[in-house]
*Asks:* 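My questions will all concern the structure given below.
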Amino acid sequence: MNTFPIARELVLVGGGHSHVILLRMLAMKPLPGLKVTLVSPETRTPYSGMLPGLVAGHYTEDEAHIDLVPLCRFAGADFVRSSASGVETLKQLVQIEGRPPLRYDILSLDIGSTPSTSQLDASSRVVPVKPIAGFLARWQRFLSRYEAGGIHRVGFVGAGAGGIELCLAVHHYLHRVQPLNLIQCHVFTATKTILEEFNAGVRLRFEKKLAALGIEVQREFVANNYRQGEVISEDGRAVACDEVFWVTEAGAPPWLAESGLAVDDRGFVQVRDTLQSTSHENIFAVGDCASMVNHPRPKAGVYAVRQGPPLFRNICSYALGERPGDYKPQSRFLSLISTGDKSAVASRNGLNAEGAWVWRWKDWIDRRFMARFNDLPAMSHKAINNLQAEFDSQMQCGGCGSKLASDLLSDVLDELLPDDMPRDDAVMVEIPEGARLLQSVDHFRGFVNDPYLQARIAVCHALSDVYACGGDPLSVLASITLPYGKPHISRSLLKQLLQGTLDQLQEEGADLIGGHTSEGMELSIGFTANGIVRPGLRWSNQLTREGDAVVLTKPLGSGTLFAADMRYCARGEWIAAAIDSMLVSNRAAVVTGRSFDVSACTDVTGFGLAGHLLEMTTDAVAIELEPANLPVLDGAETCLRELNIRSTLHDANRRASGLNSEAEILYDPQTAGGLVMTVAEPDADRLVKALRETGYPHASVIGRTISRVANSAPVRLKE
């Protein structure tokens, strides 16, 4: 919870090395009043120093990746899972794929580089190393093709440290870890030698290593194409290769130059010694996407790591109105290059050494670096300074004095809503003849660190009660509380929330007809939902028949997952999957269910599955539940059993249910959960099949209705 008024918005685009270091430093020394958002298409980012070891089979995926979601939670930053596609520097907006743009006061770019393989004719057989964030998926696809057979010759275009290290790692994996086929490797270098940036001693060590392994070096071979199974050079030579790893220096994303930023002749953002853009002082750039005008350096992960601390200091200085300091990257550094097996070569200042001890040294350095991000401490934040001085010293009001300013609200509404939307104090809701009005209300504090998605989830959650009755939504009234902030911050945040609301309502076929906005200590959002249903078609949540199958449409586990997320213990991929599940509306399930004789229905929300099943039972009809059939979100059982993390409502749900089951998932409170439907048992499999085809892949039969005898439990577990 941000207890300080928001004065500045910092948007970090890309989850590169510099940004993960900045986020951890912000967590340890936060700048109150600074709202931070990280934009990344992936929930985790690989550490380049361990990537060859991962390819060689020495590390697991978890060991070699930094999970961005708990890191952002630790730093108090929002996380937007998407890609940036441009920057509007005049409006200070970052264009985001598939959603509204993000406003910034300060922008930092750490997006790496893009593969320079666009000129190749057969990209399906070319494996670009850059961008590193997507390399693992490309490596797995390569392994699938390798396992299917037909790969006997593998090429590596690029003979710098990255290319040689990757070649040796791949060779080790294919010959020692998973030797399915006889593989011949080729290294293509545009010069007469390999590792041109290193001294003769290092080059000699690796020349001997390649020769001993039978890896052929194609010298003075300027590869510029891959066509019909051959790597082609500028002078027309060709070498047959079934697959090619392209490890040459990649290019810059085109949108950097298109955004009006000053770039060099290769499209990389030009930055001063302060890491600020030479053309826009409120934009910083680091890592592979940046080019330091006064201190050009190779595109290497070591420089990105070193840029993290000065980036943190300079962004904080700029936010506070102070002058950022100059940073001069070192020209020489310790280089540790692995040789595929658990050995490595160390080099610095003309000296070099080789052996297993160098690998152990490198491994210790890499693991120590990763521990800073994967073993996040529980801590209380201490302010280094804050931006509160930008606010009036008067205390924030309550009551109607806490409402958003009318001009700010009107500005956002005029931009997002149609001109014919009612603006009266109260709105008339037209009810079709013969229909009945359904109304429900839900409201909760923000728990997803993405306002746009928070709004979409809140809409799904609020409309769920309408769908549980078999109805159709008509409209909603919004109730939104924004954290205290400067007007432009509040406007930006309100726009994200309302755009998310409108986008989800469009999918639901309902309208936003009004609402209320105010300011408070933290973000919260809720909706009053209006729907309709024909009297004879309304579904009740009371069981009427025994012998029916009980069907659950969506998996359980959001409560424990987000409780773990609050403690930085949930993996990013778990949270991403949970959000995806919550964003699945119950609308299609109702449409599907109308083709069946649904005898009762309810939605699964805060009281957990056990509590909502209990509400369905009557004096005559009980439920026999099969816990083994319950669909569960990835990571939920780990959070409950191994981490022993439960939502605050979990124990109360257990007590209220009267069940004494070891299936803790039964008591987990759900947000935007699925529906429970009861249908005649012969129709159950058809309903589940139809639901899975309609977008509910986890739909399952979880039990059946039974006759309830006197004094028996309303919900019992099948033995």
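Quantities reported herein were computed from a predicted structural model and do not represent experimental measurements.
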*Asks:* Should D472 and R534 count as an ion pair when the cut-off is N to O under 4.0 Å?
*Replies:*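 Looking at R534 together with D472, the answer is no, because their closest N to O distance does not fall below 4.0 Å.
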*Asks:* Are any non-hydrogen side-chain atoms of V621 and I706 less than 4.5 angstrom apart?
*Replies:*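 A side-chain contact under 4.5 Å is absent here.
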*Asks:* Can you confirm whether Q504 sits close enough to Y452 that some side-chain heavy atom of one is under 4.5 Å from a side-chain heavy atom of the other?
*Replies:*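 No - every pair of side-chain heavy atoms lies 4.5 Å or more apart.
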*Asks:* Checking T592 side chain against A588 main chain: does a donor-acceptor pair fall under 3.5 Å?
*Replies:*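 Present.
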*Asks:* What heavy-atom pair brings Y696 and S585 nearest, and what distance separates the two atoms?
*Replies:*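 So the minimum-distance heavy-atom pair works out to OH-O, 2.6 Å.
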*Asks:* So, D450 and R81, do they make that salt bridge, N to O below 4.0 Å?
*Replies:*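 No, this pair does not count.
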*Asks:* Counting only heavy atoms not in F607 (residues, nucleotides, ligands), do more than 12 fall under 6.0 Å from its CZ?
*Replies:*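 Open: at most 12 neighbouring heavy atoms sit under 6.0 Å from CZ of F607.
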*Asks:* So, does N449 use its side chain to make a donor-acceptor pair with the main chain of F79 at under 3.5 Å?
*Replies:*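 Pair absent, no side-chain N/O of N449 close to backbone of F79.
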*Asks:* A side-chain contact here means heavy atoms from C-beta on lying under 4.5 Å apart; do T602 and V676 qualify?
*Replies:*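 When only atoms from C-beta onward are counted, V676 and T602 do touch, with a gap below 4.5 Å.
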*Asks:* On a heavy-atom basis, which atom in L561 and which in G635 lie closest, and how many Å separate them?
*Replies:*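 Looking at all heavy atoms of both residues, the shortest contact is CD2-C, 3.7 Å.
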*Asks:* Has T617 got a side-chain atom pairing as donor or acceptor with L614's backbone, closer than 3.5 angstrom?
*Replies:*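 The answer is yes, because a donor-acceptor pair under 3.5 Å joins these two groups.
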*Asks:* Evaluate T481 against L523 for side chain to side chain contact (heavy atoms under 4.5 Å, CB included), listing each step before the verdict.
*Replies:* CA-CA 5 Å; T481 300; L523 185 149; over 6 Å; no
*Asks:* Would a distance-only check, ignoring hydrogens and angles, find a side-chain to backbone donor-acceptor pair under 3.5 Å from T705 to I623?
*Replies:*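 No, T705 side chain to I623 backbone: no donor-acceptor pair under 3.5 Å.
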*Asks:* So does E626 pair up with R704, basic N to acidic O under 4.0 Å?
*Replies:*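 Result for this pair is no, no salt bridge flagged.
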*Asks:* In sequence, state the C-alpha distance, the side-chain angles, and the governing distance for V20 and L71, and then conclude on side chain to side chain contact (heavy atoms under 4.5 Å, CB included).
*Replies:* CA-CA 8 Å; V20 298; L71 179 61; 3.8 Å; yes
*Asks:* Please check if the side chain of Q670 supplies one atom and the backbone of G557 the other of a donor-acceptor pair under 3.5 Å.
*Replies:*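 Yes: the side chain of Q670 pairs with the backbone of G557.
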*Asks:* Do S581 and L633 have side-chain heavy atoms sitting under 4.5 Å apart?
*Replies:*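 A side-chain contact under 4.5 Å exists here.
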*Asks:* Is there a donor-acceptor pair closer than 3.5 Å between any side-chain N or O of N629 and the backbone N or O of V701?
*Replies:*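 Yes, N629 side chain to V701 backbone: donor-acceptor pair under 3.5 Å.
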*Asks:* Can you name the one residue among F444, F447, W574 that meets ring pair (Phe, Tyr, Trp, His ring centres under 6.0 Å) with F562?
*Replies:*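 Single pass found, and it is F447.
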*Asks:* Nearest 0.5 Å, what's the CG-OG distance between L630 and S700?
*Replies:*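 Nearest 0.5 Å value for the CG-OG distance: 8.5 Å.
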*Asks:* Closer than 4.0 angstrom, basic N to acidic O: yes or no for R571 and E573?
*Replies:*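 Here R571 pairs with E573 in a salt bridge, since their nearest N and O are under 4.0 Å apart.
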*Asks:* Decide, yes or no, whether a salt bridge links D597 with R545 under the criterion of side-chain N to carboxylate O below 4.0 Å.
*Replies:*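 Here D597 pairs with R545 in a salt bridge, since their nearest N and O are under 4.0 Å apart.
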*Asks:* Any side-chain donor-acceptor pair under 3.5 Å between S475 and N530?
*Replies:*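 S475 vs N530: donor-acceptor pair found between side chains.
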*Asks:* What pair of heavy atoms forms the shortest contact from S464 to N586, and how long is it?
*Replies:*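 In terms of heavy atoms, the two residues are closest at OG-ND2, 3.0 Å.
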*Asks:* Given side chains that start at C-beta, do those of L10 and L31 come closer than 4.5 Å, heavy atoms only?
*Replies:*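 No; the side chains remain at least 4.5 Å from each other.
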*Asks:* Starting at OG1 of T605, measure out to CG of D442 and round the result to the nearest 0.5 Å.
*Replies:*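 One gets 7.0 Å once the value is rounded to the nearest 0.5 Å.
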*Asks:* Does S712 reach the main-chain N or O of R708 with its side chain, forming a donor-acceptor pair under 3.5 Å?
*Replies:*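 Looks like no, no N/O pair under 3.5 Å.
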*Asks:* Could you check whether any side-chain heavy atom of Q496 comes within less than 4.5 Å of a side-chain heavy atom of L102, counting everything from C-beta outward?
*Replies:*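 Result yes, sub-4.5 Å side-chain heavy-atom pair found.
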*Asks:* Taking only residues two or more places apart in sequence or in another chain, which ones pass salt bridge (Lys or Arg N to Asp or Glu O under 4.0 Å) with E664?
*Replies:*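 If we apply the salt bridge (Lys or Arg N to Asp or Glu O under 4.0 Å) test to E664, skipping adjacent residues, the hits are R646, R654.
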*Asks:* Is a side-chain donor or acceptor of R594 paired with a backbone partner of G470 at a separation under 3.5 angstrom?
*Replies:*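 Judged by distance alone, yes, a pair lies under 3.5 Å.
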*Asks:* From K718 NZ over to E624 CD, what is the distance, rounded to the nearest 0.5 angstrom?
*Replies:*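 The CD atom of E624 is 6.0 Å from NZ of K718, to the nearest 0.5 Å.
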*Asks:* Should D78 and K35 be marked as a salt bridge (Lys or Arg N to Asp or Glu O under 4.0 Å) after you check the CA-CA gap, both sets of side-chain angles, and the distance that decides it?
*Replies:* CA-CA 8 Å; D78 286 355; K35 181 180 183 294; 3.0 Å; yes
*Asks:* Nearest 0.5 Å, please: how far is CG in L675 from NZ in K554?
*Replies:*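 The NZ atom of K554 sits 8.0 Å away from the CG atom of L675.
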*Asks:* Of all the heavy-atom pairs spanning V466 and A529, show the shortest one and how long it is.
*Replies:*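 Closest pair (atom of V466, atom of A529, distance): CG2-CB, 4.2 Å.
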*Asks:* Can you tell me if CD on Q506 sees more than 12 non-hydrogen neighbours from other groups inside 6.0 Å?
*Replies:*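 Result for CD/Q506: open.
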*Asks:* Report yes if the side chains of T678 and T544 come closer than 4.5 Å at any heavy-atom pair, otherwise no.
*Replies:*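 A side-chain contact is absent here, since even the closest heavy-atom pair is not under 4.5 Å.
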*Asks:* Tell me, with the steps shown, if E519 and S490 meet side chain to side chain contact (heavy atoms under 4.5 Å, CB included).
*Replies:* CA-CA 9 Å; E519 289 187 296; S490 296; 3.6 Å; yes
*Asks:* Restricting to non-hydrogen atoms, name the atom on L505 and the atom on D511 that form the minimum distance, rounded to 0.1 Å.
*Replies:*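 The answer is CD1-C, 3.9 Å.
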*Asks:* Using atom types as modelled and distance alone, determine if a side-chain donor or acceptor of N653 lies under 3.5 Å from a backbone N or O of Y667.
*Replies:*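 Side chain of N653 to backbone of Y667, a donor-acceptor pair under 3.5 Å: yes, one is there.
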*Asks:* Given the rule in the side chain to side chain contact (heavy atoms under 4.5 Å, CB included) test, do L494 and L482 qualify, once you have shown the distances and angles that lead to the verdict?
*Replies:* CA-CA 8 Å; L494 181 61; L482 300 180; 4.0 Å; yes
*Asks:* Where do K689 and E693 come nearest, in terms of heavy atoms and distance?
*Replies:*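 Between these two residues, the closest heavy atoms are NZ-OE2, 2.6 Å.
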*Asks:* Any non-hydrogen side-chain atom of I579 less than 4.5 Å from a side-chain atom of I457?
*Replies:*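 Counting from C-beta outward, I579 and I457 do come under 4.5 Å.
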*Asks:* Drop me the distance from L438's CG to L474's CG, to the nearest 0.5 angstrom.
*Replies:*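 Between L438 CG and L474 CG, I get 9.0 Å after rounding to 0.5 Å.
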*Asks:* Give a yes or no on whether the backbone of E508 and the side-chain of R587 come within a donor-acceptor separation of less than 3.5 Å.
*Replies:*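 Flag set: sc R587 to bb E508 pair under 3.5 Å.
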*Asks:* Quick check: H443 with F527 (ring centres under 6.0 Å apart)?
*Replies:*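 Centroid separation for F527 and H443: 6.0 Å or greater.
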*Asks:* Quick one: pull up CG in D668 and CG in L556 and give me the separation to the nearest 0.5 Å.
*Replies:*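 Between atom CG of D668 and atom CG of L556 there are 7.5 Å.
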